[in-house]
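See structure below.
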Amino acid sequence: MSVPELAVRGLTVRFAGITALDDVSFTVAPKTLHAVIGPNGAGKSTCFNVLSGVYRATEGSVTFGDAELTKLPPHKIASLGVARTFQNLALSDYLTTAANLQLGRHRLTRTGFVTAGLHLPSARREERAQADKVREVAEYVGITEHLPLPVGLLPYGVRKRVELARALCLEPRLLLLDEPVAGMNGGERRAMVETIGRVREVMDLSIVLVEHDMALVGRLADEVTVLDFGRRLTTGTPAEVRRHPDVIRAYLGKSAEEDPAAAPRTNDTPAQGQGENP
Amino acid sequence: MSRKLLWVGAAVLLVLPPFYLDAFWLQSGLFAMSAAIGAIGLNVLTGAAGQLSLGHAFFLALGAYGYIWLAGGDERTAGIELTGLGLPTLLAAVLAVLLAGLVGGLFAPLAGRLRGASLGIATLALVFLGQHVLFRAEGVTGGANGRDVPPLNVFGLEFADSPEPVLVLGIPFNGLEKLWFLGLVLLAGAAWFARGVLASRPGRALNTIRDHEIAAGALGVPVARTRAAAFVLSSMYAGLAGVLFALIYRRTVPDTFGLALSLDYLAMIVIGGLGTVGGAVLGAVFVSMLQPLLTRYADGIPFVAASGSAGPSPAEAARIIYGVVFVAVLLFLPTGLAGGLSRLTSRLRRRRPGTTPNPPASNPSREESTA
């Protein structure tokens, strides 16, 4: 399956007088990793929620190939091969890891209420085939040992990996990662970055990544779009963006302008990552 | 292996009652079976999908009166012209279940969009609407006096008392004895079907809608349609429970299908355990056997008045007790009786040497499917 281009054009989202996104445009070339960064409240998560159909756009368009995403409900967007993870984890805690991953297979499977209820052979066959596929993905992400355990019992870092694995189970052409390393410790971060890097090398997909961690963005992203107060400041390679005066101002305030060396370097900028969203 | 043995033992135990127990207990047991079928349906909706329904009694009524009207003939009793289609009773029973599903489907625009407690309020309206119609549509329901239920006839086997009942092992097999086995078959089928649904793709989708609606949508689950489907399935279970209910009591009155019945069903699944078939069955048996037990043994139980004397009647006492149990379960057994039971057995098994401990997951069917 080929990976089309994702084009965001003039995207505006308003909630009752508040403009969360204001005329934002950027393009994600096929099979690249595009990072969306910005300070808290810049509109990154809003942007994601429009891409995955959770929020409606007030104006503007988002096209993925021929499909206009702003007109589709979330499940139709998913069926185009758009998968996402959530900043604050959205797993079913009572279900096992395996069952959570199987849900990622939903769009690629058929079994309905009647076939499942009647225990038809086709339903069992599909269930077994999906279990194999799930194990494959779990191995890839390194969570095989956790498959039989309820997700609620797993540590936070592992649950973040489960979310990634669940999204990969969709066999996405576009993967939306909302702060995949937020709240992780150093070791977990490194492992996650390594996994994401491997995913983009091996799999046929584009990735859009929302992140605060500039070091991670610098290492993984082909292109970076910077948002501030709902507006796009700039788009460019990580190095370009890091030197951009507007970006420096947005991150460090006006005084930093005189000292370009103090560009938003990385992890040691105060951890902005956690709990931005309600 | 021991699990299989357990099932065989349970099956044998369930076959015995018609040979040993009198009509009172058979009727109570049958009522518990009917309740269990209804509770399984409600547990698919409320337990697995997190959608509150207070309208379960309405769909039970649809099943019960649907059957009566479809199977009954035109007649005149107590000054009321009753109508009926006079269909073969088996066909009428099937159609009554489908009717409940159909009406559940008509409710789909609401059942799909409303979430959790909001759906509870909307379905509350159904109960009152149902009550109104049941009392007013006298030609169909017989009004406040109710209407007789035509006995079910399956290919010549009539589920009714006859002047010369068949003897099975020396026991005369009347309507209740025969219905007992029909109830067992229906309950087993209903449980089997629901387990299949809950343990595979649709069940997981329902669970995820309950746990995280937005994630469910983002993963490709059509949230509204899946919720509506769960509502239809739950309605059909209620319809089937209603048909069985009507067959057991042979006469139905509108008062039965009020809000209290809906609340009973909610109590069943909460007490038994949300989201599992076993929980629904356990809860249904507990709630529906409490009153007959208290009625039979009222003399021996303090505080419960025998009929005619002062103090809470068995029916009231049953409600008080299950109210207390309801609260206790909410506080101390969040997974209900079924969850508590499975934890207990796994703890016992762990204590016994040489057996492997159970993994902490509470639903065995799910483990089988994913192991």
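Letters A, B, ... are given to chains in the order of the sequence lines, protein chains preceding strands, and every chain is numbered from 1. Note that this is a predicted model, so its numbers are computed, not measured.
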query: Considering all heavy atoms of both residues, which atom of A/T111 and which atom of B/P202 are nearest to each other, and what is their separation?
result: O-CD, 3.9 Å
- request: Pick one of side chain, backbone, both or neither for A/V134, based on which atoms fall under 4.5 Å of a heavy atom in chain B.
  value: neither
field: Interatomic spacing from CZ in A/R166 to CG in B/L219 - rounded to 0.5 Å
entry: 4.5 Å
task: May I ask you to check whether over 12 heavy atoms, not counting those of A/I18, lie within 6.0 Å of atom CD1?
output: no
- prompt: Under a 4.5 Å heavy-atom cut-off, does chain B meet the side chain of A/Q130, its backbone, both or neither?
  reply: neither
message: Please verify the inter-ring angle class for A/F86 with B/H212; under 30° counts as parallel, over 60° as perpendicular, anything in between as tilted.
response: tilted
message: Minimum heavy-atom separation for B/V197 and A/F113, please, with both atom names.
response: CG2-O, 3.4 Å
- request: Select all residues of residues 225-242 of chain B having any heavy atom within less than 4.5 Å of some heavy atom of chain A, and report them by number, or 'none'.
  value: B/R225, B/T226, B/A229, B/A230, B/L233
message: Taking side chain as everything from C-beta outward and backbone as N, CA, C, O, which of these in A/L101 sits under 4.5 Å from a heavy atom of chain B? Side chain, backbone, both or neither.
response: neither
field: Any residue meeting side-chain hydrogen bond (donor to acceptor under 3.5 Å, both in side chains) with A/T32, in chain and number order, not counting sequence neighbours
entry: none
- prompt: Which atoms of A/L170 come close to chain B, meaning under 4.5 Å heavy atom to heavy atom: side chain ones, backbone ones, both, or neither?
  reply: side chain
message: Below 4.5 Å, heavy-atom pairs only: which of A/T109, A/V54, A/T85 has the largest tally toward chain B?
response: A/T109
query: Is the count of non-hydrogen atoms from other residues, nucleotides or ligands lying under 6.0 Å from B/I214 atom CD1 greater than 12?
result: no
- prompt: Does A/H106 offer a backbone N or O that forms a donor-acceptor pair with the side chain of B/R201 under 3.5 Å?
  reply: yes
Interatomic distance, A/S92 atom OG to B/R204 atom CZ [nearest 0.5 angstrom]: 11.0 Å
field: Atom pair CZ (A/R124) and OG (B/S200), whose distance is rounded to the nearest 0.5 Å
entry: 10.0 Å
query: Which region of A/N100, side chain (C-beta onward) or backbone (N, CA, C, O), has a non-hydrogen atom less than 4.5 Å from a non-hydrogen atom of chain B, or is it both or neither?
result: neither
message: Could you measure the distance from the CG atom of A/L95 to the CG atom of B/D211? Nearest 0.5 Å is fine.
response: 6.0 Å
field: Structural part of A/S79 lying under 4.5 Å from a heavy atom of chain B
entry: neither
query: So which part of B/A218 gets closer than 4.5 Å to some heavy atom of chain A, the side chain, the backbone, both or neither?
result: both
- prompt: Hey, does A/Y94 have a side-chain heavy atom less than 4.5 Å from the side chain of B/T335?
  reply: no
message: Counting neighbours of CG on A/D66 that are heavy atoms of other residues, nucleotides or ligands and sit closer than 6.0 Å, is the number greater than 12?
response: no
query: So how far is it from B/N207 CG to A/L103 CG, rounded to the nearest 0.5 Å?
result: 9.0 Å
